[in-house]
Structures are given as structure tokens and as C-alpha cells.
Colleague: 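Okay, handing you the structure first.
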Amino acid sequence: MREIPDAIRAVEATLFAAEEPMTASEIGDYVGEGVDVRSALAELEGHYAGRGIELVERGGRWHFQTSADLAHILRR
């Protein structure tokens with residue numbers, strides 16, 4: 001298993017803990033200066049592609065959601 005940089009882990013943790021979707025700037029306020037939030041988001045978006053949850057951006061705000069093809073399971 002490859003080691004994930006702390007900056008990426010911090011962005012991931014911030015999004016998991018968020019009650020609402022967040023802008024990159026808002027995420028940056030939590031993880032601090034020196035973190036390339038946009039790069040971390042791109043890395044995480046690729047990491048979660050094709051999994052049970054995915055990282056998505058809508059209207060400039062980022063959040064995790066259940067993959068669309070699994071939504072039927074959660075309706076039960």
C-alpha cells in the first residue's frame with residue numbers, strides 16, 4: 001500500500017468531517033497554507049473514482065457522495 005501524503009489526508013479528513021460541501025478556499029482554511037488543495041482534490045477524485053463513494057465538485061463546492069450506480073442499495 002502506498003503512503004498517502006499528509007496534505008492529501010488532511011483534505012480528505014476535512015471533507016469527511018464537513019456537514020456541507022466546501023469550496024477549495026474553505027478547505028484551505030482548515031488544512032492551512034502550504035497545502036495545494038486543488039492538487040489534493042484532483043488526487044482524491046482519481047483515488048475514489050469507481051468506488052462505492054466518489055468525490056465530486058458541483059458549483060465550486062466539493063463533497064463525497066454515494067456512487068450513482070449504488071443508490072438503489074441505499075433505498076432499501
Colleague: Compare every heavy atom of Ile53 with every heavy atom of Ser67, then report the nearest pair and how far apart it is.
Modeller: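 In terms of heavy atoms, the two residues are closest at OG-N, 3.8 Å.
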Colleague: Can you find a pair of side-chain heavy atoms, one from His63 and one from Val56, that are under 4.5 Å apart?
Modeller: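 Yes, at least one pair of side-chain atoms sits under 4.5 Å.
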Colleague: Between Glu26 and Arg61, is there a side-chain N and carboxylate O pair less than 4.0 Å apart?
Modeller: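 Yes, this pair counts.
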Colleague: Taking His47 as the fixed residue, which of Arg51, Glu43, Glu45 is the one that meets the side-chain contact (heavy atoms from CB on, under 4.5 Å) rule?
Modeller: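 Exactly one pass, corresponding to Arg51.
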Colleague: Is a side-chain donor-acceptor pair under 3.5 Å present for Glu12 with Tyr48?
Modeller: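 Per modelled atom types, Tyr48 and Glu12 side chains form a pair under 3.5 Å.
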Colleague: Is there a side-chain contact between Thr23 and Trp62 in this structure, where contact means two heavy atoms from C-beta onward sitting under 4.5 Å apart?
Modeller: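 Sidechains of Trp62 and Thr23: no contact.
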Colleague: For side chain to side chain contact (heavy atoms under 4.5 Å, CB included), just list the numbers for Glu3 and Arg9, CA-CA rounded to whole Å, side-chain angles, deciding distance to a tenth of an Å, and then say yes or no.
Modeller: CA-CA 10 Å; Glu3 189 172 322; Arg9 293 177 62 231; over 6 Å; no
Colleague: Please verify the inter-ring angle class for Phe16 with Phe64; under 30° counts as parallel, over 60° as perpendicular, anything in between as tilted.
Modeller: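 Rings of Phe16 and Phe64: parallel, under 30°.
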Colleague: Minimum heavy-atom separation for Leu55 to Leu41, with atom names?
Modeller: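 Closest pair (atom of Leu55, atom of Leu41, distance): CD2-O, 3.7 Å.
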Colleague: So, for Leu70 and Gly52, which heavy atoms are closest and what is the spacing to 0.1 Å?
Modeller: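 Shortest heavy-atom contact: CD1-CA, 3.6 Å.
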Colleague: Which pair of heavy atoms, one from Ala40 and one from Val11, lies closest together, and at what distance?
Modeller: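 Smallest heavy-atom distance, with atoms named: CB-CG2, 3.8 Å.
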Colleague: Should Met22 and Thr14 be marked as a side chain to side chain contact (heavy atoms under 4.5 Å, CB included) after you check the CA-CA gap, both sets of side-chain angles, and the distance that decides it?
Modeller: CA-CA 9 Å; Met22 300 178 75; Thr14 299; 3.8 Å; yes
